[in-house]
Amino acid sequence: MCVRRSPQLSGEALIGGHNDTSGFVTIGIQFSVTAPPLAIASYTTLITGVGGSPFYFWGFLVAVLGQTLVAVSLAELASAYPHTSGKGLVHIFWTGILSNRQWAPFLSYFNGVMTTFAWIFAASGNAVFAAQFIASFGQLVSDTYRPSAWQIFLLSLASIIMALVFNTLLINCLPGLTMFMVVFLNVAALFIWITLLAVVQPKASAKTAFIDVVNETGWSSDGLVFFLGLLPGMMTVCLFDAAVHMAEELPHPHRQVPIAMVTNSLLAALGGLLMVICLIFCTTRPENLLQPLAGMSVIQICWDAWPSTAFVIVVCLIYCIMTLNGLVSIITGGSRVLWSFVRAGGLPTRTLLSRVNHRLQTPVNAVLAAGLACAIFTVLCFAPSSALSGLFGASAVCFATSYAMPICLLLANRRRIPSDRYFSLGRAGFVVNIVAIAWMTISTLFVCFPQFVPVDMDTMNWAPVVFGVVVLISLANWFVVRMVYELPRPLER
């Protein structure tokens with residue numbers, strides 16, 4: 001086996017061309033991708049009937065706690081081993097450097113596969129989500145329009161094409177767009193939050209909001225149903241590695257990256273919690289969510305609060321913009337991850353996909369390949385409605401796997417990492433890492449459960465199926481690339 005160290009990457013493919021990004025900009029970029037206050041409201045569509053307001057609230061708190069433990073565990077690694085792995089696969093570096101020499105190549109390669117597919121699935125799910133909100137807008141402005149699976153699929157493709165245009169021809173517009181979206185998303189979230197609290201009278205009681213469980217899943221155990229509703233919280237506090245991918249652009253990555261990771265998690269938790277509290281008290285007719293207006297629960301909540309067509313159209317437009325912006329940003333991150341993985345020799349198409357367009361300063365081929373992969377997975381639009389949860393669920397499983405591997409190896413090494421790191425968990429490190437691993441194991445297990453029983457083609461969970469396909473592809477591809485796969489070298493501090 002030939003395992004070589006890859007050369008240090010140049011800055012030719014830096015997003016936006018900035019070589020000295022501030023920590024605040026990094027936080028803003030990650031916040032614009034996840035948009036926690038708005039996103040948590042839209043994710044109600046994924047868990048309608050799964051416990052109601054109480055499980056939505058308490059499940060969010062549990063998910064935030066678990067995800068934050070994962071974030072601080074990774075932040076410690078980012079401080080000890082600052083690296084970009086070619087602006088994408090920092091996990092393969094952590095996995096490789098913490099593994100023994102014999103297993104380092106395969107484990108880092110497998111981590112790279114998980115990270116790459118995690119971003120691809122997230123982009124695919126976001127494309128379908130954007131298409132559904134666009135279709136919802138059509139239903140709000142037309143009494144006769146009813147979207148078909150073909151239309152959702154075509155709208156998903158159109159959304160992906162739009163994201164590809166922004167990531168290639170309009171790449172220079174991305175920094176300005178990102179800064180604008182940080183302001184827009186916060187103002188939009190504040191608009192919805194204030195409006196709901198102002199117009200809903202009377203609000204739901206504390207008993208309804210925190211205690212009265214609504215279990216429409218068919219599962220007899222409310223405890224099991226509680227764990228089935230964790231996905232919204234997991235998706236709200238996520239993408240911890242987004243800041244790590246900008247390490248080359250930060251003057252002090254060993255300090256600024258962990259600060260950005262922890263700060264983003266806390267901001268996402270706070271913003272999401274405020275919106276969750278608002279929603280559980282402003283959802284006055286939970287029975288309507290089973291057949292929501294225009295197919296989206298958040299639109300039904302807004303309609304029940306204030307039956308104004310103009311209001312719900314504005315809300316729908318906000319979510320159209322949010323999901324399309326999220327798709328642009330995820331395609332940006334996913335294409336850089338794919339580009340990095342190809343440069344490391346993780347795919348047999350290194351020559352083609354590793355090219356950088358010098359005029360646009362962008363890996364155009366990798367961007368197009370990421371878009372094509374997303375388009376392939378959006379074919380699940382023709383599957384039952386549970387397919388959207390399957391895409392997001394598969395993304396969550398892949399991300400959890402990529403995050404868990406270096407943390408497990410850190411524990412296996414008895415946490416022997418550089419002692420001069422800026423961010424350290426100290427004596428609490430063992431407990432934090434163990435609980436983080438336990439959380440990722442439990443949460444990903446239940447992400448793969450079907451939400452409704454009896455299970456048939458309409459209610460099956462596609463996440464384990466998609467994840468299983470990824471594992472098979474990764475194992476088969478390893479035998480093709482194992483002789484040329486390269487481990488990255490550390491970023492100089």
Side-chain angles (χ1 to χ4, degrees), residues 29-48 119-141 147 151-167 174 177-178 180-189 191-192 231-232 234-236 238-239 242 268 271-272 275 292-302 312-334 370-371 374-375 377-378 380-381 385 387-393 395-396:
I29 290 174
Q30 185 168 346
F31 192 87
S32 71
V33 175
T34 56
L38 289 175
I40 187 63
S42 64
Y43 296 149
T44 54
T45 300
L46 304 176
I47 57 167
T48 300
W119 282 85
I120 295 299
F121 291 145
S124 301
N126 214 83
V128 177
F129 219 17
Q132 291 182 345
F133 271 111
I134 295 172
S136 296
F137 175 79
Q139 293 179 74
L140 291 176
V141 298
Q151 291 170 327
I152 296 296
F153 176 66
L154 292 177
L155 287 171
S156 300
L157 294 183
S159 301
I160 293 171
I161 291 172
M162 181 274 300
L164 295 181
V165 170
F166 269 100
N167 275 282
L174 281 188
L177 176 65
T178 299
F180 168 78
M181 290 306 301
V182 170
V183 177
F184 172 82
L185 293 173
N186 281 282
V187 172
F191 163 73
I192 295 175
L231 188 57
M234 294 171 62
M235 293 170 60
T236 302
C238 63
L239 294 181
M275 184 60 79
L293 176 66
M296 288 294 177
S297 297
V298 64
I299 296 178
Q300 182 65 57
I301 292 172
C302 291
V312 293
I313 286 177
V314 170
V315 170
C316 188
L317 285 174
I318 288 172
Y319 277 98
C320 287
I321 296 172
M322 181 201 77
T323 51
L324 290 173
N325 173 73
L327 180 59
V328 171
S329 299
I330 295 174
I331 288 288
T332 303
C374 293
F377 285 107
T378 56
L380 285 175
C381 290
S385 58
L388 181 60
S389 296
L391 284 173
F392 284 130
S395 177

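Keep in mind that this is a model prediction, so the values were computed, not measured.
- Under the rule for a ring-ring contact (aromatic ring centres under 6.0 Å, His included), Phe166 has no partner lying at least two apart in sequence or in another chain.
- For the side chain to side chain contact (heavy atoms under 4.5 Å, CB included) test, residues two or more places apart in sequence or in another chain that qualify with Ile321 are Met181, Phe184.
- Contact check for Leu380 versus Val128: no side-chain heavy atoms found under the 4.5 Å cut-off.
- With sequence neighbours excluded, the residues that form a side chain to side chain contact (heavy atoms under 4.5 Å, CB included) with Ala131 are Ile152, Leu155, Ser156.
- No donor-acceptor pair under 3.5 Å is formed between the side chain of Ser329 and the backbone N or O of Gly326.
- Residues forming a side chain to side chain contact (heavy atoms under 4.5 Å, CB included) with Ala123 (at least two apart in sequence, or on another chain): Leu327, Ile330, Ile331, Cys374.
- When atom types are taken as modelled, the side chain of Ser395 and the backbone of Phe121 share no donor-acceptor pair closer than 3.5 angstrom.
- Among residues two or more places apart in sequence or in another chain, the side chain to side chain donor-acceptor pair (under 3.5 Å) test is passed with Thr48 by Ser297.
- For Leu38, the side chain to side chain contact (heavy atoms under 4.5 Å, CB included) test picks out Leu185, Ala188, Ala189, Ile192, Ile318, Tyr319, Met322, with sequence neighbours left out.
- Remark: Tyr43 pairs with no residue by the ring-ring contact (aromatic ring centres under 6.0 Å, His included) rule, at least two apart or across chains.
- Using a 4.5 Å cut-off on side-chain heavy atoms (C-beta onward), Leu293 and Gln139 make no contact.
- Minimum heavy-atom separation, Ser136 to Ile299: CB-CD1, 4.0 Å.
- In this view, Phe137 satisfies the ring-ring contact (aromatic ring centres under 6.0 Å, His included) rule with no residue, not counting sequence neighbours.
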